[in-house]
Amino acid sequence: MGRVFNQNELVGGEPIWILEVTIGGRVDRFATEAVTIMDGATALDYSGTLSDVGYESESAFGVVGFDIPSANVVFTFRDSLAERIANGADLGAASAELSLWILGQPYGDRRVVVQGGVDSPSYGGQGEPVRLSIEPDWLSKRKQIPSATAVITTANFSAHDPNCKGKTYPIILGACGREGFSGSPAYIIDDGAASAVVKLLIAGHPTVALTVDIERSNGAVYTKAIIFKTDNHGHPYSYVELLGGEFTLGDTYWIRWSYGGGLPNPYRAINNDNFESYLTGGGDLVRWLLEQSGITIDQGRVIAVAEVLNQYTFDGFIGERVDPLEFLESEIAPLLPMSLLTSPAGIYPIAWRYNATALEARATLTADQDMFRDGVVNYEKNTVANAITIRFQYDVQTTDLGRVQTVTGDPAAPLGDLQWRNDYAAASFTRYGERAIALEAPMVSRPSTAGKILGWLSRANAFRRRLVSYQAPIEWAWLDVGDVVIVNDSDLFFDRQLMIVRKIAWGETDLEFEFLIIPDLPRDIIK
């Protein structure tokens, strides 16, 4: 269903568009030419009245949000659609599937481009064209985490501290506080009045760590074993116990995850000495948040990109009920060289190969041979940055970000542990003067990850980026958004210029590619 054609299939093949529309349980089939397609032993007849097919796949570099895929089509029914609607059929409640199919292949080998509900349909009398859009309903299935009942209440904990009432069981990501600061909250769920044992809830799930450091508001630090249990609603939680003089009424406590992480990584083997055993890598975290969101995801593509993003690690906690997709878009994705895209199989991330070399290019295209330029080169209105500061390491006790790093291109700036310079920022400073931006990253605690984030941001945003569009035959439809290509165009003096596919607009017989050029002075050939 979500397959992608390879180059050999498309070169010399004859791809055509096919459309299926389901109204009231009846399936009507249309194509850009009349064909019969075999689905096993069943012959499927398609009326050749499909036209004006429009579909785009697009993602903007440095932009986190995504567009729901949609396609526009025009076609004509053999019979009278108006009569069917008058007799009770509802075009507004119909569903449709648009696919690209190569002549002679089985029905199961079609490439589904978009499938979902019908949007904004219009129709007339018999023989008049029907126009509609097709759009999935993924966002209607969105969920929130944790459960609405995973909160501290009297029903769950009869002896809890009143100051903790209504607090959400925290979800611990990574090992927040391992660098020696207060990483996550602890909530008193049993004040010890009846048992002389005070209990602190520290996570709303089992944890990889077996012990944690407990910080007390008087400055004391205790190392305690983690105990796992379920509450009266069946929700899991982890807690620690305090004894004797370790508690006084009015105390506040915080957690340092010094001996391992919180939420187990569902994609890695459990190993308490291996940080990958708890959920911390950027790629795995993106995958987990997408899965928790409840929307349809393209699992194969999510898995494929996870390793690229796992070099960035995150440590923090979710302390209130959130929409996982919104959390991803606000707290994680802006710090990663990625964007979200959609396919018929669902949503997935792409990793931007802003630093690609010619060895990573998937294709070489030459103007006036493989494709034809459509318009002029445009400079994108991107933010140039050569002095980038990141504040990170959120301390839950002070409610502040405790660390800072800066990459600068200023040759006169003092350098040290907190400020450094690279070739990209320096070249950008020479060309544009200082262009400063600052960002906050409460989910980042490790200086190494902060440095990696500054590294890719300074490299990707050192210069103004350019866009250029080309028309190409549909045989190049095996390329995808995010792919790296080499482009030759003598008119524009592009000599093996590396570009990234930013957008693909599909027509009936051809494609329009929009390529993104991210200048890289050490890599690119300058004449």
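When reading the values below, keep in mind they use all heavy atoms of this one structure, side chains included, and skip hydrogens, waters and symmetry mates.
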**Q** Which atom pair, heavy atoms only, marks the closest approach of Ser182 to Trp254?
**A**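 Here Ser182 and Trp254 meet closest at CB-CB, 3.8 Å.
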**Q** Distance check, rounded to the nearest 0.5 Å: Asn72 atom CG versus Leu98 atom CG?
**A**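 Interatomic distance, Asn72 CG to Leu98 CG, rounded to 0.5 Å: 10.0 Å.
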**Q** Are His235 and Thr149 close enough that a side-chain donor and a side-chain acceptor fall under 3.5 Å?
**A**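 There is such a pair between these side chains.
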**Q** Any Lys/Arg nitrogen of Asp231 or Lys229 sitting under 4.0 Å from an Asp/Glu carboxylate oxygen of the other?
**A**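 Salt bridge absent between Asp231 and Lys229.
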**Q** Can a salt bridge be assigned to the pair Arg256 and Glu215 using a cut-off of 4.0 Å between side-chain N and carboxylate O?
**A**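 Yes.
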**Q** Have Asn156 and Asn232 got a donor and an acceptor in their side chains that come within less than 3.5 Å?
**A**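 Absent: no donor and acceptor within the cut-off.
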**Q** For Trp17 and Ser99, does a side-chain donor sit closer than 3.5 Å to a side-chain acceptor?
**A**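 Looking only at side-chain atoms, Ser99 and Trp17 do not form any donor-acceptor pair under 3.5 Å.
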**Q** I'd like to know if the side chain of Thr280 reaches the main chain of Gly174, judged simply by a donor and an acceptor atom lying under 3.5 Å from each other, with no hydrogens or angles considered.
**A**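 No; zero donor-acceptor contacts below 3.5 Å.
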**Q** For the pair Arg391 and Asp400, find out whether any cationic side-chain nitrogen is under 4.0 Å from an anionic carboxylate oxygen.
**A**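 Yes, charged N to carboxylate O under 4.0 Å.
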**Q** What distance do Trp506 atom CH2 and Leu100 atom CG have between them, rounded to the nearest 0.5 Å?
**A**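 Output value for this atom pair is 5.5 Å.
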**Q** Which pair of non-hydrogen atoms, one from Val484 and one from Glu360, has the smallest distance, and what is that distance?
**A**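 In terms of heavy atoms, the two residues are closest at CB-O, 4.2 Å.
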**Q** Is a side-chain donor-acceptor pair under 3.5 Å present for Gln299 with Arg287?
**A**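 Yes, side-chain donor-acceptor contact under 3.5 Å.
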**Q** Does a side-chain heavy-atom distance below 4.5 Å link Glu97 with Ile134?
**A**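 SC-SC contact between Glu97 and Ile134 ruled out.
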**Q** What's the shortest heavy-atom distance between Thr207 and Ala209, and which atoms?
**A**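 Heavy atoms only, the tightest pair is OG1-O, 2.9 Å.
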**Q** Are the side chains of Asp483 and Ile500 in touch, meaning some heavy atoms are under 4.5 Å apart?
**A**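 No - every pair of side-chain heavy atoms lies 4.5 Å or more apart.
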**Q** Just to verify, what does Phe181 make a ring pair (Phe, Tyr, Trp, His ring centres under 6.0 Å) with, not counting sequence neighbours?
**A**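 Ring pair (Phe, Tyr, Trp, His ring centres under 6.0 Å) check on Phe181 returns nothing, list empty.
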**Q** Can you measure from OG (Ser184) to CG (Asp395) and round to the nearest 0.5 angstrom?
**A**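 One gets 11.0 Å once the value is rounded to the nearest 0.5 Å.
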**Q** Mind checking whether Phe30 and Phe77 have parallel, tilted or perpendicular rings, split at 30° and 60°?
**A**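 Aromatic pair Phe30/Phe77 classed perpendicular.
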**Q** In sequence, state the C-alpha distance, the side-chain angles, and the governing distance for Arg301 and Asp480, and then conclude on salt bridge (charged side-chain N to carboxylate O under 4.0 Å, His left out).
**A** CA-CA 12 Å; Arg301 297 195 192 198; Asp480 210 345; 2.7 Å; yes
**Q** Indicate yes or no: at least one non-hydrogen side-chain atom of Phe327 is less than 4.5 angstrom from one of Ile332.
**A**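 Answer yes - side chains close enough.
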**Q** Rounded to the nearest 0.5 Å, how far apart are OH of Tyr253 and CG of Asp213?
**A**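 The CG atom of Asp213 is 14.5 Å from OH of Tyr253, to the nearest 0.5 Å.
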**Q** Checking Gln144 against Gln292: is there a side-chain donor and acceptor pair closer than 3.5 Å?
**A**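 No donor-acceptor contact under 3.5 Å links the two side chains.
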**Q** So, do Leu325 and Leu340 sit near enough that their side-chain heavy atoms are less than 4.5 Å apart?
**A**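 Yes, close enough: below the 4.5 Å cut-off.
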**Q** Can you give me the closest heavy-atom contact between Ala441 and Ile390, atom names plus distance?
**A**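 It is CB-CD1, 3.9 Å.
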**Q** Could you walk me through whether Ile188 and Phe157 pass the side chain to side chain contact (heavy atoms under 4.5 Å, CB included) check?
**A** CA-CA 9 Å; Ile188 300 171; Phe157 308 107; over 6 Å; no
**Q** Any side-chain heavy-atom pair from Val444 and Gln393 closer than 4.5 angstrom?
**A**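 The answer is no, as the side chains (C-beta and beyond) never meet within the 4.5 Å cut-off.
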**Q** Sub-3.5 Å donor-acceptor pair from the side chain of Ser238 to the main-chain atoms of His205, do we have one?
**A**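 It does hold such a pair.
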**Q** Just by modelled atom types, is the Pro447 backbone N or O under 3.5 Å from a matching donor or acceptor in the Gln405 side chain?
**A**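 Confirmed, Gln405 side chain pairs with Pro447 backbone.
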**Q** Among Arg466, Arg464, Arg465, whose salt bridge (charged side-chain N to carboxylate O under 4.0 Å, His left out) with Glu380 holds?
**A**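 One option only clears the test, and that one is Arg465.
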**Q** Are any non-hydrogen side-chain atoms of Ile171 and Ile145 less than 4.5 angstrom apart?
**A**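 The answer is yes, as the side chains (C-beta and beyond) meet within the 4.5 Å cut-off.
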**Q** Measure the CD1-OG distance between Ile214 and Ser258 for me, rounded to the nearest 0.5 Å.
**A**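 So the CD1 of Ile214 and the OG of Ser258 are separated by 9.5 Å.
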**Q** If we only count heavy atoms from C-beta on, is the Ser339 to Pro349 side-chain gap below 4.5 Å?
**A**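 Result no, sub-4.5 Å side-chain heavy-atom pair not found.
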**Q** Would you confirm whether Glu307, through its side chain, and Ala304, through its main-chain N or O, come within 3.5 Å as a donor-acceptor pair?
**A**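 No; zero donor-acceptor contacts below 3.5 Å.
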**Q** Take Gln105 and Glu9 through the test side-chain hydrogen bond (donor to acceptor under 3.5 Å, both in side chains) and record every step on the way to the result.
**A** CA-CA 10 Å; Gln105 288 193 349; Glu9 287 179 297; 3.0 Å; yes
**Q** Should the ring pair Tyr239 and Tyr237 be called parallel, tilted or perpendicular, given that the plane angle runs from 0 to 90° and is split at 30 and 60?
**A**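 It falls in the tilted class, 30° to 60°.
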**Q** Would the number of heavy atoms belonging to other residues, nucleotides or ligands and lying under 6.0 Å from NZ of Lys167 be above 12?
**A**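 No.
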**Q** Should we count CZ of Arg131 as having more than 12 external heavy atoms under 6.0 Å?
**A**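 Atom CZ in Arg131 is not packed in, count stays at 12 or less.
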**Q** How far apart are the C-alpha atoms of Thr211 and Ile226, what are their side-chain angles, what is the distance that settles it, and do they pass the side chain to side chain contact (heavy atoms under 4.5 Å, CB included) test?
**A** CA-CA 5 Å; Thr211 56; Ile226 298 173; 5.5 Å; no
**Q** Mind checking what makes salt bridge (charged side-chain N to carboxylate O under 4.0 Å, His left out) contact with Asp510, not counting sequence neighbours?
**A**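 Salt bridge (charged side-chain N to carboxylate O under 4.0 Å, His left out) check on Asp510 returns nothing, list empty.
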**Q** Can you check whether Val118 reaches Ile23 side chain to side chain, under 4.5 Å on heavy atoms?
**A**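 With C-beta onward as the side chain, the pair stays apart.
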**Q** Regarding Ser277 and Asn265, is there a side-chain donor-to-acceptor distance under 3.5 Å anywhere?
**A**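 Looking only at side-chain atoms, Asn265 and Ser277 do not form any donor-acceptor pair under 3.5 Å.
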**Q** Looking only at non-hydrogen atoms, find the nearest pair between Tyr55 and Ser70 and report the distance.
**A**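 For Tyr55 and Ser70, the tightest heavy-atom pair comes out as CD1-O, 3.3 Å.
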**Q** Test side chain to side chain contact (heavy atoms under 4.5 Å, CB included) on Val286 and Leu336; report intermediate values, then the result.
**A** CA-CA 10 Å; Val286 169; Leu336 296 172; 3.9 Å; yes
**Q** Within the side chain of Ser458, is there an N or O that forms a donor-acceptor pair under 3.5 Å with the backbone of Gly455?
**A**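 Yes, Ser458 side chain to Gly455 backbone: donor-acceptor pair under 3.5 Å.
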**Q** Check for a donor-acceptor pair, side chain of Asp315 on one end and backbone N or O of Ala175 on the other, with a separation under 3.5 Å.
**A**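 Answer holds: yes.
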**Q** Compute whether any side-chain donor of one residue and acceptor of the other, for Thr449 and Thr313, lie under 3.5 angstrom apart.
**A**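 Short answer, yes.
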**Q** Using a 3.5 Å distance criterion without hydrogens, assess whether the side chain of Arg321 forms a donor-acceptor pair with backbone atoms of Pro146.
**A**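 Yes; at least one donor-acceptor contact below 3.5 Å.
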**Q** Do Asp39 and Arg110 sit within salt-bridge range, that is, some charged N less than 4.0 Å from a carboxylate O?
**A**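 The answer is no: the pair does not qualify as a salt bridge.
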**Q** Does Tyr379, at its OH atom, have more than 12 non-hydrogen atoms belonging to other residues, nucleotides or ligands within less than 6.0 Å?
**A**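 No, because the 6.0 Å sphere around OH of Tyr379 holds 12 heavy atoms or fewer from other groups.
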**Q** Quick one: closest heavy-atom pair of Asp284 and Ala306, and the distance?
**A**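 So the minimum-distance heavy-atom pair works out to OD1-CB, 4.1 Å.
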**Q** To the nearest 0.5 Å, how far apart are CG in Asp161 and CG in Leu201?
**A**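 Those atoms lie 13.0 Å apart.
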**Q** Hey, is the main chain of Val240 close enough, under 3.5 Å, to the side chain of Lys199 for a donor-acceptor pair?
**A**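 Pair absent, no side-chain N/O of Lys199 close to backbone of Val240.
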**Q** Which class fits the ring pair Tyr470 and Phe515: parallel under 30°, tilted 30 to 60°, perpendicular over 60°?
**A**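 It falls in the tilted class, 30° to 60°.
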